[in-house]
Amino acid sequence: MDYLNRLNAEQLDAVRTTEGPVRVIAGAGTGKTGALTARYCYLADLMGIDTDSMLCVTFTNKAAMEMKQRIRRALGDVDLQYVCTFHSWCARMLREDIHFLGYPENFTLLDEDDRRSVLQKVYNDLGITLRDLPISRAIEYIGMQKGLDGYVANITTLSNRLPEANTNLAAADRLPEIYYRYVYEQKKAYALDYDDLIIFAHHILTTSPSICAKWQERMQYVMVDEFQDVSSRQYEIATILSARHHNLFIVGDPDQTIYTWRGAKVEYILDFDKLFPDAVTIVLADNYRSTPQILAPANALIRHNTARYPKDLRPQCPAGTKPLMYHARNEKAEARWVAGAIRRLINDGTAASNIAILYRANHLSRAVEDALLKEEIKYKIYSGVAFYARREIKDVLAYLRMLIRPDDISFLRTVNTPSRKIGRKTLELIQANAEGHGISLYDSLLELLGTPELARTQARQYVSTIENGRTLICRMALGDLVQHILDDSGYEQMLRGLSEWERLDNLAELKRAIEEAGHDDEATLDSFLQRAALISNPDDKDGDEDAIRMMTVHTAKGMEFDTVFLIGMNEGVFPTKRSSKPDDIEEERRLAYVAVTRARRRLFISDSEGFAHDRSAKTPSRFIYELGLDNLDIPRALPAMPAIAPPMAGATEKGAFAVGDRVEHPVFGVGTISVVDGIRQKYTVMFDSLSSSRSLRFGAPLDPLK
């Protein structure tokens with residue numbers, strides 16, 4: 001009974017309300033995991049419910065393991081096979097019932113490495129390289145296709161006959177072919193990936209009444225943690241399984257719904273009582289994590305949202321200090337301030353591992369990484385890559401190294417990025433010639449330019465990019481030189497074609513770093529490249545546990561730290577400039593709320609003046625003002641909050657065409673307008689000659705079809 005003695009009144013209500021639909025609105029730091037595991041113990045211990053009749057699902061293996069450990073500490077060694085993630089439950093269900101789809105019960109389950117291995121085979125079969133198309137882009141496309149209705153029916157009836165590869169298409173236009181080959185390889189091996197587990201289980205439950213009835217009878221109590229994060233299929237699985245016994249218990253916080261881009265909908269938890277009119281709602285608001293001074297601005301911020309269940313977190317921790325808001329003169333000064341503040345905390349005895357730096361986007365880490373290295377403060381990037389180790393940054397640095405001294409490593413990284421039709425056999429020819437004459441690969445390429453093998457490629461364009469860039473080193477500012485290389489090589493155009501917006505942001509940040517280096521009279525391209533190489537190899541950074549934690553706010557979800565630095569709080573960054581609708585801004589505000597509530601004792605917030613990547617003047621984020629300036633310690637005065645028009649308010653640009661119009665493009669040919677986005681001022685066009693749509697700005701060379 002110890003598991004009950006530690007609960008407050010609302011948590012006890014959640015535990016003891018065992019029958020019927022129950023919704024628990026559990027704010028950040030309110031002990032929801034303790035309440036959920038106590039409820040499980042209560043059902044098994046005091047009510048005698050068989051653990052094989054209770055399903056308790058959450059979203060991560062770590063959370064499931066923590067619940068199992070807590071339950072076993074209370075109940076001893078009991079069978080907890082149904083305390084698991086959604087994916088784990090679906091895997092168990094499919095081991096019993098996937099025969100309904102003609103698959104063997106010992107089907108193969110592909111992990112992330114397996115999935116990439118299958119895709120690598122597909123790429124090899126189709127003659128596509130990772131330079132042509134990143135595997136991450138293929139994974140994203142495959143996931144989208146699998147989410148469409150009819151996928152399971154299509155794969156279970158998939159023909160064993162493969163069409164010939166269409167090598168005339170560009171790599172990005174071959175995504176449907178990659179998808180087909182991927183699912184063919186899956187079906188051939190009776191293999192499922194993680195996406196398939198949810199999709200196949202949902203399909204069986206909705207198409208086989210007998211199998212559905214069996215699982216409904218077995219799962220007498222269904223409990224779902226982090227309900228604000230469920231996808232539509234996970235939501236339906238939970239409601240289907242609980243339909244017979246009506247015991248669906250959900251726990252979540254609509255104020256922490258930050259994964260709508262993965263299919264989560266805040267309406268699932270907000271409208272729970274509409275689907276279940278007899279549902280009991282219990283609110284957990286006593287916060288055991290943060291000081292009153294941290295919760296006050298958090299509460300003030302989230303009150304600006306409309307799509308929420310009204311609640312305020314009530315502090316249960318002792319008083320602390322107000323969060324400190326630092327308004328820096330520029331991004332470099334902001335980074336220096338962050339590093340200096342951390343140095344003082346460490347010198348005063350704070351463990352580095354208890355300090356986290358959070359940011360909205362990965363590119364914001366660059367300036368702070370530089371400042372931490374100068375202060376000799378170790379850091380660790382979570383679920384991300386250090387700035388100078390990111391693929392796109394290494395690609396561009398390799399191009400820049402080619403301008404100074406064309407080494408073989410940089411050559412191999414750049415010669416076919418973006419694709420210039422220089423395949424494996426052509427590279428082998430270049431390498432053999434280089435070895436035979438004792439020259440570099442680049443010099444070998446120059447010697448072979450006139451040969452038939454090279455004439456079929458775009459090697460001359462590559463050589464032109466390098467040679468033209470060399471002539472500009474002494475005539476052009478470093479930042480302008482980078483932009484020239486991005487344009488002349490086609491690298492930036494390649495990323496835009498793949499909609500790799502975060503990578504484009506990282507390139508803009510690299511350009512900013514090079515421009516900053518260029519302000520030094522003694523700065524040269526060579527000196528910058530040497531410095532970048534040193535920064536990208538700090539001593540044992542990733543292996544040191546006593547290090548600062550750096551991560552995006554999304555990654556920090558579910559974590560907590562004594563001290564949190566929330567950096568880059570500028571309008572257009574947080575909220576992101578791509579948030580154009582009221583729902584987008586509300587999700588960004590929820591994300592900021594998650595960031596603030598990660599802090600236990602101390603919270604530092606910072607922004608900077610200067611200019612953004614698009615050369616617009618930077619202003620503090622609206623969220624800083626919504627936290628309540630009275631709730632913050634502000635050593636350097638903020639400007640007055642700028643007037644921000646509500647999203648979608650005011651006139652939007654109409655554009656020259658409407659949805660359904662037939663248009664003609666000088667390159668793509670004839671197509672149909674499918675979307676007109678007045679906020680972003682762009683069209684989405686499906687061209688007859690292409691297999692996927694294209695996004696074109698207003699003013700693109702489009703003519704009405706005559």
Side-chain angles (χ1 to χ4, degrees), residues 120 123-124 127-135 167 171 386 388-476 478 481-492 494 507 510 514 517 522-539:
Q120 187 63 69
Y123 273 40
N124 292 339
I128 299 172
T129 71
L130 297 179
R131 298 295 184 193
D132 297 331
L133 188 73
I135 276 185
T167 56
Y388 286 101
R390 290 167 189 158
R391 184 176 72 226
E392 63 278 10
I393 303 301
K394 291 175 74 70
D395 286 345
V396 176
L397 292 179
Y399 266 108
L400 296 176
R401 284 197 299 271
M402 288 296 296
L403 305 187
I404 298 174
R405 56 185 75 86
D407 62 274
D408 289 354
I409 295 173
S410 299
F411 174 84
L412 291 171
R413 191 171 189 101
T414 58
V415 68
N416 207 38
T417 308
S419 174
R420 299 183 177 93
K421 309 302 181 186
I422 300 173
R424 178 174 54 82
K425 290 184 178 179
T426 306
L427 278 176
E428 288 174 354
L429 173 67
I430 295 169
Q431 289 171 326
N433 185 64
E435 291 170 3
H437 293 82
I439 57 178
S440 71
L441 293 177
Y442 183 69
D443 287 338
S444 176
L445 174 67
L446 293 178
E447 284 189 359
L448 298 172
L449 271 183
T451 63
E453 292 84 355
L454 270 295
R456 291 191 291 267
T457 71
Q458 296 168 12
R460 287 192 182 276
Q461 289 93 320
Y462 173 71
V463 170
S464 175
T465 295
I466 302 305
E467 297 302 322
N468 288 341
R470 284 180 172 179
T471 67
L472 296 172
I473 290 177
C474 297
R475 295 161 44 195
M476 188 176 277
L478 291 183
L481 178 63
V482 172
Q483 190 60 56
H484 171 80
I485 292 296
L486 291 173
D487 293 337
D488 200 39
S489 67
Y491 192 89
E492 188 167 39
M494 175 190 73
L507 291 184
L510 174 65
I514 291 177
E522 298 182 0
T524 63
L525 178 59
D526 196 16
S527 64
F528 176 81
L529 290 173
Q530 289 182 37
R531 178 173 171 273
L534 291 172
I535 289 175
S536 64
N537 291 287
D539 295 336

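Every value quoted in this text rests on a predicted model; they were computed, and no experiment measured them.
- For the pair Gln431/Leu412, a side-chain contact is recorded, criterion being any heavy-atom separation below 4.5 Å from C-beta on.
- Panel note: side chain Asn468, backbone Ser464; a donor-acceptor pair is recorded below 3.5 Å.
- A donor-acceptor pair is defined here as one N or O able to donate and one able to accept, closer than 3.5 Å; such a pair exists between the side chain of Arg420 and the backbone of Val415.
- Atoms CD and CG, on Glu492 and Asp487 in that order, are 6.0 Å from each other to the nearest 0.5 Å.
- In this structure, Ser440 and Ala434 approach most closely via the heavy-atom pair O-CB, 3.9 Å.
- For the residue pair Ile485 and Gly469, the shortest heavy atom distance occurs at CD1-CA, 4.3 Å.
- Here the CZ-CG distance, from Arg460 to Leu446, works out to 10.0 Å after rounding to the nearest 0.5 Å.
- Side-chain contact between Arg424 and Leu427 is absent, with no heavy-atom pair separated by less than 4.5 Å.
- For Gln458 against Lys421, the heavy-atom pair with the smallest separation is NE2-CG, 4.5 Å.
- Between Lys425 and Glu428, no side-chain nitrogen of the basic residue sits less than 4.0 Å from a carboxylate oxygen of the acidic one, so the salt-bridge criterion is not met.
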- Kindly indicate, with the supporting measurements, whether the criterion side-chain contact (heavy atoms from CB on, under 4.5 Å) is fulfilled by Tyr442 and Val463. CA-CA 9 Å; Tyr442 183 69; Val463 170; 3.7 Å; yes
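- Looking at Thr414, its side chain does come within 3.5 Å of a backbone N or O of Ser410 through a donor-acceptor pair.
- Annotation for Leu441 and Ile430: closest pair O-CG2, 3.5 Å, computed over non-hydrogen atoms.
- Tyr491 pairs with exactly one of Thr417, Asp395, Thr465 by the side-chain hydrogen bond (donor to acceptor under 3.5 Å, both in side chains) rule, that one being Asp395.
- Counting heavy atoms from C-beta on, the side chains of Phe411 and Asp443 never come closer than 4.5 Å.
- Rounding to the nearest 0.5 Å places CG of Leu448 at 4.5 Å from CG of Asn433.
- Residue Leu403 holds its CG atom at 9.0 Å from CD of Glu467, rounded to the nearest 0.5 Å.
- Separation of atoms CG (Leu507) and CD (Glu392) is listed at 5.5 Å; rounding is to 0.5 Å.
- To the nearest 0.5 angstrom, Leu481 atom CG is 13.5 Å from Tyr399 atom OH.
- Tyr123 places a side-chain heavy atom less than 4.5 Å from the side chain of Leu133.
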